[in-house]
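See below for the structure under consideration.
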Amino acid sequence: MILHELYFAASLILIVVGLYAIMSKRNIVRIVIGLELLTLGVNLTIATMGLRIINGSSSVDALAQSMVAISMAIGAAIAALALSLAINIYRHYGTFDVRKLRRLRW
Amino acid sequence: MIQVFTPLFILLGAAVVTVVVDPLFRRVGFREGSGIFASIAFFFALLFLGVEALKPPKVIAYRIFGSESPLTASLKLDPLSLYLSMIFCGIGLAASIYSIRYMILERETGLDRYYLLLLTLIAGMMGVTLANDFFTLYVFWELMAISSYSLVSFRKWSWEAVEAGFKYLLMSSIGSLMALLGIALLYGLTGSLGFDALQASLSSGKGLAADLSLALIIMGFGVTAAIVPFHSWLPDAHPAAPTPISAVLSGVVIKTGVYAMLWSLFKVFSPSLYGFGTVLIGIGVLTMTFANIVVVMQSDVKRFLAYSSIANIGYIITGIGLAAYVMRNYPSEIGVAMLALTGALFHILNHALGKGLAFLCAGCYIVRAESRDLSELEGIGASMPATTSAFGIGLLNLAGVPPLSGFWSKLFIISAGLAIPSDGVMLTATAIFILNSVLAAGYYLWLFQRLAFKKKAQGNSRIKEAPMLMLIPLIILAAACILITIMLNPVLQFIQTALEVVLG
């Protein structure tokens with residue numbers, strides 16, 4: 001079971017780092033990278049959940065594999081859209097700094 | 001039995017075909033072509049759904065791929081998904097007819113992409129209601145989400161749309177990922193993603209991990225439903241989108257979040273085992289109170305309507321929460337839970353029609369007056385009588401003025417809340433609900449009298465009535481509001497059959 005916990009720890013670290021990057025970074029590209037790390041962490045969790053270890057021999061669940069593959073494709077689509085918006089923000093303001101935006105406050 | 005999912009395939013197919021036929025339409029100078037094409041697709045999808053709704057209620061499951069039960073992705077069709085699909089498709093049809101003229105008046109380009117995204121947006125929402133496992137639900141969920149991010153930032157020449165789109169994308173993707181994490185935990189606990197299999201294996205308590213995934217799912221789907229701590233994208237995103245898209249977003253997209261929450265909570269986790277009723281009541285009360293206080297300070301008509309959407313989400317969540325609360329604490333009073341859920345589901349329909357109508361009318365005013373500021377729109381109603389009558393019906397429906405159907409849905413939730421007089425939580429929630437409804441009725445009527453009857457501001461005299469093609473969807477939606485009020489009984493009966501599927 002030590003393998004499971006290792007993977008869980010890795011995905012938890014990815015999720016926390018991703019959330020931290022989104023919350024604290026000022027550069028839009030870094031925020032998008034944070035979003036990608038978050039996606040990776042969640043995908044790794046799904047893949048870990050599909051890992052079955054019975055009596056020492058491990059097997060993987062095909063459902064989890066296909067779900068991760070599709071989730072990665074969706075993540076890529078979101079990243080592409082986010083980066084295209086980042087380009088448009090750069091065209092409007094000439095900067096990637098979120099503090100310069102007029103309304104992007106939380 | 002794949003035929004019953006024809007509406008979904010019509011929309012997805014039409015989305016692909018739009019891109020192909022739009023250049024042909026443009027070559028012959030027929031710019032309205034792709035809009036008319038999309039409207040026809042919506043019409044036929046709605047027609048198929050209507051035919052299906054007239055048949056006796058049943059549950060149909062269809063496996064897309066995979067053979068054994070845990071390894072499948074499958075679709076289902078039951079009265080609840082039929083009911084919601086019809087609402088989504090109907091608002092989509094109205095928005096699409098409205099867009100034909102609106103997009104040309106606003107001199108927008110890239111109409112092929114616009115209709116492609118509108119079709120995939122509605123198809124994604126329909127898919128969410130038709131999904132029979134979390135895997136399929138998540139795929140359609142993201143189809144809906146990505147389309148709506150792109151549509152919010154469709155006017156990429158304006159700073160407002162780009163910023164609002166980015167904010168929406170960021171908050172909503174974090175929400176979807178949190179929901180996905182909750183789904184992954186559920187999968188790890190039970191080894192399955194199908195709703196029926198999950199329900200069976202979660203019927204005994206599963207401890208902390210199940211509670212954690214429950215919290216993640218409420219939070220994740222709650223971002224799209226705009227519950228209060230996670231609402232801040234909505235008042236930016238909805239006004240920045242083109243008006244027909246605002247109507248779709250405010251009318252139905254946020255309801256998809258409510259549906260996903262309702263379905264995963266009532267179907268997968270049983271309300272009698274997990275005590276999420278109190279949490280939902282708390283969220284609902286907080287949401288409506290906050291939104292109703294902030295809405296009065298808005299000076300932009302689209303922001304005003306956007307905030308009032310958040311308040312209405314609060315009413316619906318409170319209704320659902322009351323039902324879950326009753327099912328946990330008073331298992332013998334199942335009728336009260338039914339009443340609250342009927343009210344919540346009926347309010348989804350009323351708010352979709354009312355808010356869709358209000359947004360489309362506001363769009364007509366904005367096109368003619370070229371301003372979104374309430375003080376500049378004052379008294380514009382006198383120059384546009386047809387739009388104003390439709391706007392009045394929409395706002396009266398939202399305000400819950402008695403004969404209209406918006407009154408009945410609120411009444412159901414209130415009477416469910418008062419059904420058990422000894423319970424303090426339910427009484428407090430209902431008291432706040434009533435106060436909020438009164439406040440909301442007040443500001444809707446205030447908005448209406450300000451736009452319709454107040455003395456004209458200067459320079460309003462040359463404003464013409466909105467073009468005919470933009471008035472048609474307003475008339476359809478206003479007629480639907482009145483028709484539902486007249487046919488109250490059949491609609492309620494349909495909702496009740498739908499609920500028997502959820503509650504079992």
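Sequence lines set the chain letters: A, B, ... in the order given, protein chains first and strands last, and positions in each chain run from 1.
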Find the distance between [atom1] ([X]) and [atom2] ([Y]) and round it off to the nearest 0.5 Å.
X	Y	atom1	atom2	result
Lys156(B)	Ser84(A)	NZ	OG	9.0 Å
Met67(A)	Phe135(B)	CE	CZ	6.0 Å
Ile146(B)	Ile78(A)	CD1	CD1	4.5 Å
Phe166(B)	Leu83(A)	CZ	CG	8.5 Å
Leu170(B)	Ile31(A)	CG	CD1	6.0 Å
Ile174(B)	Met23(A)	CD1	CE	5.5 Å

Is any side-chain heavy atom of [X] less than 4.5 Å from a side-chain heavy atom of [Y]?
X	Y	value
Met171(B)	Ile22(A)	no
Trp157(B)	Asn88(A)	no
Tyr93(A)	Glu163(B)	yes

Checked Ile183(B), Leu185(B), Leu169(B), Leu143(B) vs chain A; the most non-hydrogen pairs under 4.5 Å come from Leu169(B)

Partner chain A: residue of Ser150(B), Ser176(B), Ala145(B), Ser158(B) with the largest heavy-atom pair count (under 4.5 Å)
Ser158(B)

Go through the steps to decide whether Tyr138(B) and Ile70(A) satisfy the test side chain to side chain contact (heavy atoms under 4.5 Å, CB included), and finish with yes or no.
CA-CA 10 Å; Tyr138(B) 181 73; Ile70(A) 290 183; over 6 Å; no

Look at atom [atom1] of [X] and say whether more than 12 heavy atoms of other residues, nucleotides or ligands are closer to it than 6.0 Å.
X	atom1	result
Tyr7(A)	OH	no
Phe9(B)	CZ	yes
Arg155(B)	CZ	yes

Of all of Ala77(A), Ala64(A), Gly41(A), which one pairs up most often with chain B through heavy atoms under 4.5 Å apart?
Ala64(A)

Between Ile46(A) and Leu180(B), is the side chain to side chain contact (heavy atoms under 4.5 Å, CB included) condition met? List the steps.
CA-CA 9 Å; Ile46(A) 304 173; Leu180(B) 187 60; 4.0 Å; yes

Quick one: does any side-chain atom of His92(A) pair with a main-chain N or O of Val162(B) as donor and acceptor, under 3.5 Å?
no

